[in-house]
Amino acid sequence: MSDQKAIQERTLAELGATAPDAISARFAELRSGFDHRVDLLSAGDLAGWTALRNAWLGRASGVITAIGDNWLKPATPEQKRIVGKALNELKAHVERTLEELRALAEAAGDAGTTSAGGVDLSLPGVQRPLGTRHPLRQTIEELERIFLSIGFSVVEGPEIETPYYNFEALNIPEHHPARDTMDTFYLSLPSRAAATASEALPPRAATAGSNKQMASPELLLRTHTSPMQIHTMERQKPPVRIIVPGRCYRRDNPDSTHSFAFHQIEGLAVDTDITFCEFKGTCEYFVREFLGPKTRTRLRPSYFPFTEPSAEVDASCFACDGRGCRICKHAGWIELFGAGMVDPAVYGYVNYDAKRLSGFAFGMGVERMAMMRYGINDIQLFYQNDVRFLRQFE
Ligand code: PHE
């Protein structure tokens, strides 16, 4: 614009443009001024584009508004028709041109971000990396579903235990070699806190149990979910049919199959008429539900201090159907979990009548079941919370 007052700031009368031709000439002058500014604008100059739009279309002081105020309003009725029409045309031209420029800048992509303070509206938004329900949680829920369907209920128990519940009441006395495989973390709490914590635990077995032991002030992180066998039988009369999902701890060094914290699901069924037959039938039902109807079950003799007889429950390999492959290390069978008939000595700790009652128990590693089922070869993947791993379990 020149140093004298811009033409849109003066009236048509002041400009001496009252005849239709003169009016049209003034509009043509404005239009070519605008086109000139557009030519000077470089592609993607967002700041320049914004300034141009404000100068022409700004509501308070834009050129279009000024012409409405200074040219249109004071005009005579005949002039108004000409001015109104020309103004509409000019406004449409300015709007259309600015819109085209904006679309061009957007299409130019990166070019749109180059100028100072430029924002490229065509870039994708920020996506938060969402995971999924954790595969361990999904596995626990699947295991729960299977046992709930045959009358078991789900209970949970404390991760902090006394040696009595974790070992002694499960028929594992202090110097028993079975403790070596279950080294754990002992807690040294300030003495008052420790006293409160052990008071909070349920009372010891009544005197009728000849196996009753003295309480130990020590606290530890449970090495298995089996202590909940004892807690449950202390609290409730038979029949008992429970499963216990939960976190356990062992002083193991981390590698692809070991972790200092992991998960188990315990099972316990005690009643007046439970035989080895029910035990085996339950195992077979579980294996077929979890791994498919064609899977076969095998019981192998084993040893646990709190079950007698004890067994390792194996399933025919789901990958090769028992023919032998890398997954089952050419054995045709995969070891699933430890189990057995409850050792009558355990009933002595919970004041159950060992002559009248019988039952079975099992304890399975949740990680192991999930790894086998999904073909995961490193237990550490469960704990790293990498969404690239988690998203495979949608
Ligand atoms: N608690 C045993 C373990 O962690 C598993 C088990 C549970 C075995 C119940 C038999 C019965 O190794």
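Counting starts at 1 for both ligands and their atoms, following the listed order.
Ring-plane geometry between Y347 and Y352 is classed as parallel, the angle between the planes falling under 30 degrees on a 0 to 90 degree scale with a further cut at 60. Relative ring orientation between F362 and F147 is described as parallel, the plane-to-plane angle staying below 30° on a 0-90° scale split at 30° and 60°.
Atom 2 (C) of ligand 1 has F306 CZ, 3.8 Å as its closest protein atom, hydrogens excluded (heavy atom only). Nearest non-hydrogen protein atom to atom 7 (C) of ligand 1 is G363 N, 3.3 Å.
Neither the backbone nor the side chain of R222 has a heavy atom within less than 4.0 Å of ligand 1.
The shell of residues lying under 4.0 angstrom from ligand 1, judged by heavy atoms, excludes F337. Contact annotation: E312 has no heavy atom less than 4.0 Å from any atom of ligand 1. A heavy-atom separation below 4.0 Å is found between Q264 and ligand 1.
Remark: of the listed residues V154, V244, I140, I140 is the sole one forming a side chain to side chain contact (heavy atoms under 4.5 Å, CB included) with I265.
Between H224 and ligand 1, at least one N/O pair is under 3.5 Å apart. Polar contact check, R250 against ligand 1: a nitrogen or oxygen pair lies under 3.5 Å apart. Considering backbone and side-chain N/O of S226, one or more are found under 3.5 Å from N/O of ligand 1.
With sequence neighbours excluded, the residues that form a side-chain contact (heavy atoms from CB on, under 4.5 Å) with H176 are I172, P173, A178, Y303, P305.
Residue pairs meeting the side chain to side chain donor-acceptor pair (under 3.5 Å) criterion with at least one member in residues 310-321, sequence neighbours excluded, are R298-D314, R300-D314, S302-E312, T307-S310.
For ligand 1 and G338, the ligand atoms under 4.0 Å from any heavy atom of the residue are 6 (C), 8 (C), 10 (C).
With a 6.0 Å radius and a threshold of 12 heavy atoms from other residues, nucleotides or ligands, D21 has its CG atom at or below the threshold.
Inter-residue side-chain proximity for I7 and L15 is flagged as met; some heavy-atom pair is nearer than 4.5 Å.
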